[in-house]
Amino acid sequence: MSDENYEPATLDAKWQKRWADQKVFEVGPEPKKKKYYVLEMFPYPSGTIHMGHVRNYSIGDVIARYKKAQGYDVLHPMGWDAFGLPAENAAIKNKTHPATWTYKNIEYMRKQFVQMGCLFDWRRELATCTPEYYRWEQLFFIKMLEKGLAYRKLSTVNWCESCNTVLANEQVEDGKCWRCESETTTKELTQWFFKVTEYAEELLSGLEDLKGWPERVVSQQRHWIGKSFGAEAEFVVAEGPMAGTKIAIFTTRPDTIFGVTFVSLAPEHPLTLQLAKAGGREKEVEAFVEKVRKIDKIKRTDANFVKEGVPLGVKVKNPMNGEEVPLYTANFVLTDYGTGAVMAVPAHDERDHAFALKYQLPIREVIVPKISQHDHFAEQLTGDVNEKAFTELGVLTNSDRFSGVESEKAQREIAAYLSQKKLGGPRTQYKLRDWGVSRQRYWGAPIPIIHCNSCGAVPVPEKDLPVTLPEDVEFTGEGASPLAKSAKFLKAPCPKCGKEGVRDTDTMDTFVESSWYYVRFASLKRDVPFDAEEVSKWLPLDQYIGGVEHATMHCLYFRFFHRVLQDLGFLPKSVGREPAKNLLNQGIVYKDGAKMSKSKGNVVDPNSLIAKFGADTTRMFSLFAAPPEKTLEWSDQGVEGSFRFLGRVWRLIQPLAAELKGVPGYSGTHREIVTPEIKKLRAKAHLTIKKVTEDIDRDFHFNAAIASIMELVNEAYGVPKEKLHDVSARSVLRETCEIILRLLNPFAPHTTEELWERIGGAGLLVDQPWLSFDPHAVEAETLTIVVQVNGKLRANLFVAPGTDQKELERLASSDAKVQNFIAGKTVVKTIVVPGKLVNFVVRD
RNA sequence: GCCGAUGUGGUGAAAUUGGCAGACACGCUAGGCUUAGGACCUAGUGCUGAAAAGCGUGGGGGUUCGAGUCCCUCCAUCGGCACCA
């Protein structure tokens with residue numbers, strides 16, 4: 001009879017339908033009980049789900065089901081990060097519209113998530129590519145503009161001359177265009193930026209509160225923000241037509257300022273060309289700047305990039321000693337960091353050292369190692385700065401009245417001096433840069449701006465939102481953004497003066513959409529960005545789950561956006577400054593020692609797994625093979641193992657189902673059970689409740705939790721059939737089966753629902769509360785005491801709980817095995833850990 | 001180079017606070033059941049050793065009655081960032 005066999009395919013369909021019909025995971029606008037908001041980072045609708053998705057959403061679904069059982073109102077929504085480059089590439093390739101491709105993928109992937117048994121509140125589903133979503137983003141943009149949090153400036157992009165188009169970093173392969181394979185170059189464009197730097201300090205200090213975030217993510221963000229202390233100093237042009245021009249430099253080592261032998265400007269620095277003209281070196285410098293510009297961004301930031309530069313023919317004055325040093329432009333100086341100009345101290349900086357050697361510039365030692373009197377290796381510490389830069393802190397020398405002062409002190413004093421002389425002063429510097437959000441693409445949220453010849457960049461009025469994407473567009477991959485080719489889209493009257501203007505043809509970075517979707521999910525009202533009441537009930541996220549690759553970019557941007565939304569008044573203050581209390585970064589899925597990826601050809605298709613083994617096996621394997629945060633090594637045999645286990649559960653409970661149907665769970669006291677095997681089974685069952693609950697509560701150690709359920713199942717298999725005849729034995733068996741099913745349900749929901757129904761369980765198992773354990777059942781009747789001699793295990797004692805120390809010592813020392821090791825020796829010390837261990841320390 | 005993480009059987013991994021290392025599973029071995037089985041059930045399985053016993057958590061050192069766990073040091077692997085002045 002097929003009804004008796006374990007057939008996952010039929011079960012999957014049956015229960016998925018029941019859950020959907022009963023709207024198991026729909027929660028109202030307000031939680032009635034304590035709330036729990038769990039969210040997996042929403043997927044990009046790339047076509048089909050992969051094993052990384054399976055892992056990510058299995059983890060989330062288990063947490064959602066577990067917390068629901070624990071009595072929370074659980075918000076567990078799902079949506080689609082639907083804008084992005086792949087859709088546009090697919091459109092170019094297949095001559096279709098990105099929307100067609102995207103919506104088709106969403107349809108398919110939604111079905112796949114359902115087939116995995118993942119439960120979401122589908123009423124809250126959203127796709128970021130719909131106007132009803134991105135209209136609010138356009139509103140945020142306008143408000144940010146008003147607050148000065150969005151602004152325009154020149155920025156460099158990758159450019160393909162032959163396609164006449166902008167390229168994303170990922171469209172540049174080895175310095176060549178992905179489509180036509182011609183060499184790429186760079187181009188300066190005016191682009192929109194979000195002022196993340198305004199929040200640098202807060203984003204940094206906020207990290208302190210993220211106790212529930214992995215340490216490595218916190219540390220990566222700290223480095224990304226990159227706060228450093230130093231000084232700004234003004235070097236003034238000494239002579240020529242531009243004499244008196246101030247050049248501000250930033251340095252983290254003001255203590256080395258007396259060692260400056262030249263100053264370098266970034267090639268893109270606004271003064272570079274002007275000063276070169278003044279110095280009569282226009283031609284050389286122009287050629288150099290042009291050369292640097294030709295090299296694409298990726299290559300230029302390569303570590304092995306050769307350090308080069310040219311003199312501008314101008315001298316600048318050191319603010320500390322008035323010394324005149326030559327001014328250079330150098331390719332390793334970055335325009336985006338600090339002031340775009342650096343003072344060069346070859347003796348104490350490796351890059352400057354290399355540069356000085358190449359162009360035969362002087363090297364002047366101004367820092368010597370701090371030598372303590374007891375340091376016999378002092379001579380070895382003092383290297384020759386002509387050979388190698390000495391980059392550590394030390395004591396100043398050749399530094400006028402600062403000679404002999406220690407570096408740290410000198411840094412403060414020199415900065416203070418600069419500040420007093422109004423030639424600079426102490427500065428705090430961040431590596432964090434403002435977020436460039438303009439993308440020269442079609443498939444994104446249009447930037448709601450109209451450019452007018454007389455009024456400039458004018459925001460689209462709120463009542464005219466959304467600015468929707470035009471449909472009459474062809475996708476060729478060449479030329480300007482498709483938005484610029486749509487006449488209907490492009491032309492619009494200026495909202496200020498009414499004259500004909502031109503719309504901004506850029507769209508926003510897709511990271512903008514993913515910076516606020518978690519807020520949108522929390523609001524069922526859709527005619528406002530979000531309903532303050534609803535949102536304040538659900539936020540912040542109790543648990544956020546996603547790949548570690550988002551540790552900096554996404555996880556920083558959404559922390560930024562959360563604050564911005566609050567400061568713009570869209571989000572109530574009551575939800576707190578941080579969007580997510582806890583973050584879980586799940587590990588990558590590996591196969592054959594490499595990350596699963598299409599290009600490596602080592603992918604496993606979840607579809608075929610679900611078809612062959614069912615959703616539960618697929619979920620179980622991805623949760624059992626490794627703890628969530630670790631790399632998951634794929635193993636076909638491991639999948640078989642999970643399937644075998646579920647079959648074992650089936651074969652344990654299914655044959656008993658009819659018999660157990662009318663039987664109540666055990667209700668007597670634990671002590672009353674007379675059959676030792678049955679007593680042991682019940683003890684194990686309750687111990688398992690304890691263990692599984694603790695394992696899940698402790699960083700979601702699902703693998704350990706599943707292992708203990710396996711132990712319980714093994715224990716149940718071991719009970720001899722003939723012991724099950726009396727009434728209380730059957731009640732314990734019933735109770736045990738219920739425990740197995742309830743504990744296993746979050747991991748293998750379909751199989752357990754079916755068995756629950758078959759043993760006559762009431763309602764849906766997913767709606768049943770989590771179990772608490774009977775403390776009497778968990779209490780051990782005999783304790784195992786470890787007996788050690790000199791820390792080595794020699795015997796086990798089995799004693800009643802509460803046996804006193806003296807008695808333990810007596811029993812332990814009289815044990816025959818222990819006697820072998822202590823007889824004829826002196827017991828120096830005896831350590832007794834009550835309930836655990838006795839250790840004899842002996843000497844010959 | 002910097003930052004972070006991880007090193008435990010043939011394999012994936014367990015081990016809340018320092019207290020029986022290797023739970024659970026895969027694989028392997030043997031047996032049972034079976035016409036057959038890559039199904040299922042049972043038992044065994046860290047290494048050396050006939051045994052007694054000894055050795056075992058990347059290497060070395062330390063603290064401790066006792067260390068996978070704490071401290072120092074070195075090595076390896078992985079991930080992220082990388083001309084940041």
Side-chain angles (χ1 to χ4, degrees), chain A residues 214-220 222-224 226 228 230 249-254 256 263-264 266 300-307 330-334 336-345 348-352 354-355 429-433 548-549 551-552 585 587-588 590 593 595 621 624-627 629-642 644-645 647-648 651 691 694-695 697-699 701 703-711 713-714 717-718 784-796 820 828-833 835-842:
Chain A
E215 183 48 44
R216 59 179 165 170
V217 175
V218 170
S219 131
Q220 271 183 49
R222 193 169 285 131
H223 283 271
W224 190 269
S228 60
I249 61 97
F250 173 74
T251 179
T252 51
R253 291 293 304 274
T256 65
V263 168
S264 304
R300 199 175 150 193
T301 49
D302 192 302
N304 302 320
F305 199 63
V306 188
K307 287 160 190 49
N331 62 359
F332 64 89
V333 182
L334 304 174
D336 306 322
Y337 184 74
T339 57
V342 298
M343 65 179 207
V345 186
H348 305 293
D349 181 279
E350 276 163 20
R351 289 154 304 174
D352 296 340
F355 198 84
Q429 183 66 40
Y430 300 91
K431 282 188 202 175
L432 185 70
R433 294 174 217 165
V548 72
E549 65 274 17
T552 40
N585 280 134
I588 296 162
Y590 267 59
K595 184 182 171 174
F621 172 72
F624 178 63
E629 71 280 2
K630 275 190 80 171
T631 299
L632 175 75
E633 182 70 38
W634 186 262
S635 149
D636 288 328
Q637 282 155 341
V639 179
E640 296 265 1
S642 290
R644 210 180 298 171
F645 168 67
R648 233 167 113 72
R651 287 186 299 277
K691 181 77 169 36
E694 284 169 357
D695 281 335
D697 287 342
R698 183 169 47 100
D699 293 331
H701 280 195
N703 55 332
I706 293 170
S708 12
I709 301 171
M710 286 173 169
E711 281 184 61
V713 171
N714 290 345
Y717 263 89
T784 309
I785 305 291
V786 172
V787 186
Q788 300 179 331
V789 178
N790 285 345
K792 286 209 166 70
L793 173 73
R794 293 305 176 190
N796 284 310
N820 280 341
V828 185
K829 200 173 176 185
T830 306
I831 289 121
V832 180
V833 182
K836 266 189 182 162
L837 138 161
V838 180
N839 186 16
F840 297 106
V841 185
V842 301

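Reminder, nothing fancy here: chain letters follow the sequence lines and each chain counts from 1.
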Using atom names, set out every protein N or O paired with an N or O of nucleotides 53-55 of chain B below 3.5 Å, distance rounded to 0.1 Å.
unit_1: B:G54; atom_1: OP1; unit_2: A:Arg794; atom_2: NH2; d: 3.2
unit_1: B:G54; atom_1: OP2; unit_2: A:Arg794; atom_2: NH1; d: 3.1

- Query: What does nucleotides 3-15 of chain B look like as a protein-contact string, B for base, S for sugar-phosphate only, - for none, at under 4.0 angstrom between heavy atoms?
  - Reply: SS-------BSSS
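- The CZ atom of A:Phe621 sits 10.5 Å away from atom CD of A:Gln637, with the distance rounded to the nearest 0.5 Å.
- The nucleotide whose nearest atom lies closest to any side-chain atom of A:Tyr337 is, among B:C65, B:C83, B:A85, B:A85.
- Here the C1' atom of nucleotide B:C81 and the CG atom of A:Leu334 are 14 Å apart, to the nearest Å.
- Going from the C1' atom of B:U34 to that of B:C41 covers 12 Å, rounded to whole Å.
- Contact annotation: A:Lys829 reaches the phosphate of B:C65 (side-chain N/O to OP1 or OP2, under 4.0 Å).
- The side chain of A:Gln637 approaches B:C26 more closely than any other nucleotide in the set B:C78, B:C20, B:C26.
- Residue contacts for A:Lys431: at a heavy-atom cut-off of 4.0 Å it reaches a base atom on one of the strands shown.
- Here the OH atom belonging to A:Tyr717 is positioned 5.0 Å from the CZ atom belonging to A:Arg648, to the nearest 0.5 angstrom.
- Taking a pair as Watson-Crick or G-U wobble with both distances under 3.5 Å, the runs of three or more consecutive pairs in RNA chain B are B:1-7 with B:75-81, B:10-12 with B:24-26, B:27-32 with B:40-45, B:46-48 with B:53-55, B:58-62 with B:70-74.
- Counting non-hydrogen atoms under 4.0 angstrom, A:Ser635 reaches nothing in the nucleic acid.
- For B:G9, the O4'-C1' to base torsion is within 90° of 0; the nucleotide is therefore syn.
- Listed here is the closest heavy atom pair of A:Val345 and A:Asp352: N-OD2, 2.9 Å.
- With C1' as the reference atom, B:G56 and B:C40 are 36 Å apart, rounded to whole Å.
- Atoms CH2 (A:Trp224) and P (B:G79) sit 18 Å apart, rounded to a whole Å.
- At distances below 3.5 Å, at least one donor-acceptor pair connects side-chain atoms of A:Asp349 with backbone N or O atoms of A:Arg351.
- Residues satisfying the ring pair (Phe, Tyr, Trp, His ring centres under 6.0 Å) criterion with A:Trp224, sequence neighbours excluded, are absent altogether.
- Taking the C1' atom of each, B:A23 and B:C70 are spaced 24 Å apart, rounded to whole Å.
- For B:U57 and B:C47, the C1' atoms lie 13 Å apart once the distance is rounded to whole Å.
- A:Glu350 comes within 4.0 angstrom of nothing in the nucleic acid, heavy atoms only.
- When rounded to the nearest whole Å, the span between OH of A:Tyr430 and P of B:C81 equals 23 Å.
- The A:Asn839 side chain lies nearest to B:G19 when the options are B:C83, B:G19, B:A85.
- In this structure, CD of A:Gln788 is placed 16 Å from P of B:G18, rounded to the nearest angstrom.
- One atom, CD of A:Glu694, and another, C1' of B:U17, lie 13 Å apart when rounded to the nearest Å.
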Between the protein and nucleotides 40-42 of chain B, are there any N/O to N/O pairs under 3.5 Å, and if so, what are the atom names and distances?
unit_1: B:C41; atom_1: OP1; unit_2: A:Arg648; atom_2: NH1; d: 3.0

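- Rounded to whole Å, the distance from CZ on A:Arg351 to P on B:A85 is 7 Å.
- When the P atom is used for both B:A82 and B:C75, the distance is 26 Å, rounded to whole Å.
- Evaluation of the ring pair (Phe, Tyr, Trp, His ring centres under 6.0 Å) rule for A:Phe645 yields no partner, not counting sequence neighbours.
- Atom CG in A:Leu837 sits about 14 Å away from atom P in B:G18, given to the nearest Å.
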